[in-house]
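Counting starts at 1 for both ligands and their atoms, in listed order. For the numbers below, each heavy atom of this structure counts, side chains included, while hydrogens, waters and symmetry mates do not.
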Amino acid sequence: MSKRETGEKKDASAVALPGDFLASPEEFLPGKNTYEQHDSVRARLSGRVERDLSKREVAVRPAVVAKTPTVGDVVVGQVEAAMTSTAGVRIAYLNGTETRAGFPGTIFTRGERGGRGERRTYVKLGDVVRARVSSTMNGMNQLSLDEPHLGVLASLCSVCGTPLLRGDGRAKCEECGSVEERKFADDFGTQNIQP
Ligand SMILES: [Zn+2]
């Protein structure tokens, strides 16, 4: 028996996982989100264990579940990995709200338009991008930049690391003269990034 099953039964701030033993039916009646099985009251879902001593009832208040990205959502994140045909994004904002869940997203950077085998560099490592979730098939958050308001919001020169200034489909580094191609969002380069 684990510590969870034997001890801490009187701890009002205990957290239960689905199936966890909460009490014996003689001690407490099964309340919300619990069920009785054999000689035990168990948690139906994960959350905080609440015991009502006056009603002799034990219940589970569900844990707040992080909202997961769904098709159509607009996300803002940073490019953490850039491969030949995909870029990996760590999502920081979901529909304008900060998320600390660290959802990954994937941008396909090859063959999104044109289709003559031409490779376009849409994003680079470290770029902050605004994107729309276009698919969540197989648990992968596929991201699209194919709208004017979507694309790179902030970017550093890949040669010298200076922040790039607004450009028309491309940006020239004022420091070293390097010309960078990106899929910029229409508000790229504005002072305050709106997630
Ligand atoms: Zn530069």
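- Within a 6.0 Å radius of CZ in R61, other residues, nucleotides and ligands contribute 12 heavy atoms or fewer.
- When each of T70, L143, N95 is tested with V133 by the rule side-chain contact (heavy atoms from CB on, under 4.5 Å), just one qualifies, namely L143.
- When each of K183, R130, R132 is paired with E147, the salt bridge (Lys or Arg N to Asp or Glu O under 4.0 Å) condition holds for R132 and for no other.
- Qualifying side chain to side chain donor-acceptor pair (under 3.5 Å) partners for S155, counting only residues two or more places apart in sequence or in other chains: D127, R182.
- Protein N/O/S atoms closer than 2.8 Å to the Zn ion (ligand 1): C157 SG, C160 SG, C173 SG, C176 SG.
- For the residue pair S158 / E180, a side-chain donor-acceptor distance below 3.5 Å is found, with atom types taken as modelled.
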Candidate pair V89 and V75, rule side-chain contact (heavy atoms from CB on, under 4.5 Å), full reasoning:
CA-CA 10 Å; V89 175; V75 302; 5.8 Å; no
